Amino acid sequence: QFHMIKYEDLKWDESLGQGSFTRIYRGHKTDIRDGENYTTEVLLKELDAGHKNCWESFFESASLMSQISHKHLLLVYGVSVHGVQNIMVQEFVKYGALDLYLKRGRSVSVSWKLDVAKQLASALNFLEEKHIVHGNICAKNLLLAREGDQSQGISPFIKLSDPGIMVLDRIPWVAPEVLDAPDDLTLECDKWSFGATVWEIFNNGNSPLQGWDLDEKRQFYESFQKLPPSQWAELADLITQCMDYQAALRPSCRSIIRQLNSLITSGNDVRYTELQIIP
Ligand SMILES: Nc1cnc(-c2cc(N)nc3[nH]ccc23)cn1
C-alpha cells in the first residue's frame, strides 16, 4: 500500500505539538540515490502505541493519500514501524495549519481567501473524479505551503492533509447524514465540509459554532440551522448550497468551481468581520 521507510533513515528535530492520538515532529529523512545522500525535511507523525485501535484508520488515511498525487494534496512519503511505534512520514509544509495561520491575525485579503477556496475546490474535484472520499475537510487539515504576496501578485498555496483520525465532535464539519451512519461517507459529505471550511476561511480561522457544547451542536442539526451568512451574498449562497441538509442537492465540484470563478472580488477586497451567532 505504501512505502516502508527504515527507522534509521529518520532524524527527529523539534516537537510540533500533539493531536488526540498522535505526536508530531519536524524531522528529516535520508535517501541514497545514485550513491548520493539526500536529506529531505519531513513531518513525523507518531501514532500513540496505546491507540492500537486507531491503527487501521491511521494507515487507511495514509494509504489513501499515498495512492494518488496532486499538487494540492499532501505528499505522504511512507510509514516507518519501530517496535510498537508507528510513524507516518509526510512532506513538511512550511507554514502549517491554515486555521492557526488565520487565527494568528494575519490580515489576508478577500482574493487571498478566494484563491485558497479555489485550490481546495480543485483538490476536491480531483478526489471526486477518483471517487475518493476525504472525510475530514476542515481548515485545520489545510496546510499553507506558500504565504503569497499580494503586491507581487503571488497567490497562497495550500495542501490538503490526510483525513487523520475522525473524532466524532466534528459538528459542523461532518455532514448531518454521517452522524447517524458514520460508516457510509460519501462524496457529498465532503461538499458539506467544504462549505463549513470556506466559512472558516472567511471568518479568519474561527470555528463555526465555537464554544457550543455537543448538545447545542446536535440541536443545530436537528433544527436544520444554517451557519450565519457571510455579508457577501454570493459567497453565503454557495456555502448554503454546499451545506444543504439534502445531500443529493449539494452542487457538483464543477459547479462549485464555476461559482467560485464567477465571484467578483473587486470592491469586496475590504476586510470585514462576519456575524457570530451566540448560542
Ligand atoms: N505536513 C505538515 C503538517 N504540519 C506542519 C507544520 C508546520 C509548521 N510550520 N508548524 C507546525 N506546527 C504543527 C504542525 C506544523 C508541516 N507539515
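Just so you know, ligand 1 is whichever comes first in the structure, and atom 1 is the first atom listed for that ligand. Residue numbers run from 1 in the order of the sequence given. Model, not experiment: these values are computed from the prediction.
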So which heavy atom in the protein is nearest atom 9 (N) of ligand 1, and how far is it from that ligand atom?
K94 O, 2.6 Å
In terms of ring plane angle, is the pair W192 and Y245 parallel, tilted or perpendicular, where the classes change at 30° and 60°?
perpendicular
Per-atom filter on ligand 1: closer than 4.0 angstrom to a heavy atom of L143 are 1 (N), 2 (C), 3 (C), 4 (N)
Does the pair E41/K94 count as a salt bridge with the N-to-O cut at 4.0 Å?
no
Identify the closest protein heavy atom to atom 14 (C) of ligand 1: which residue and atom is it, and at what distance?
I24 CD1, 3.8 Å
Any donor-acceptor pair under 3.5 Å linking the side-chain atoms of Q219 with those of W212?
no
Between ligand 1 and E91, can you find any atom pair, the residue atom being a heavy atom, that is separated by under 4.0 Å?
yes
Heavy-atom contacts with L74 under 4.0 Å: which atoms of ligand 1 show up? List them by number with element.
1 (N)
N141 and K159: side chain donor to acceptor below 3.5 Å:
no
Atom 15 (C) of ligand 1: closest protein heavy atom, distance to 0.1 Å, is L16 CD1, 3.8 Å
L100 and ligand 1 - part of the residue with a heavy-atom distance under 4.0 Å
neither
Between ligand 1 and Y95, is the shortest N or O to N or O distance under 3.5 Å?
no
Top protein contact for atom 6 (C) of ligand 1, by heavy-atom distance:
G96 CA, 3.6 Å
Side-chain donor-acceptor pair present, W112, E147, cut-off under 3.5 Å
no
Euclidean distance, L144 CG relative to D99 CG, rounded to 0.5 Å:
11.5 Å
Using the ring of each side chain (for Trp, its six-membered ring), is H82 parallel, tilted or perpendicular to Y7, with breaks at 30° and 60°?
parallel
Write out the residue and atom name of the closest protein heavy atom to atom 4 (N) of ligand 1, then the distance separating them to 0.1 Å.
L43 CD1, 3.6 Å
Can you see whether R254 engages N125 through a side-chain donor-acceptor pair at a distance of less than 3.5 angstrom?
no
Under 3.5 Å: N/O of V93 near N/O of ligand 1
yes
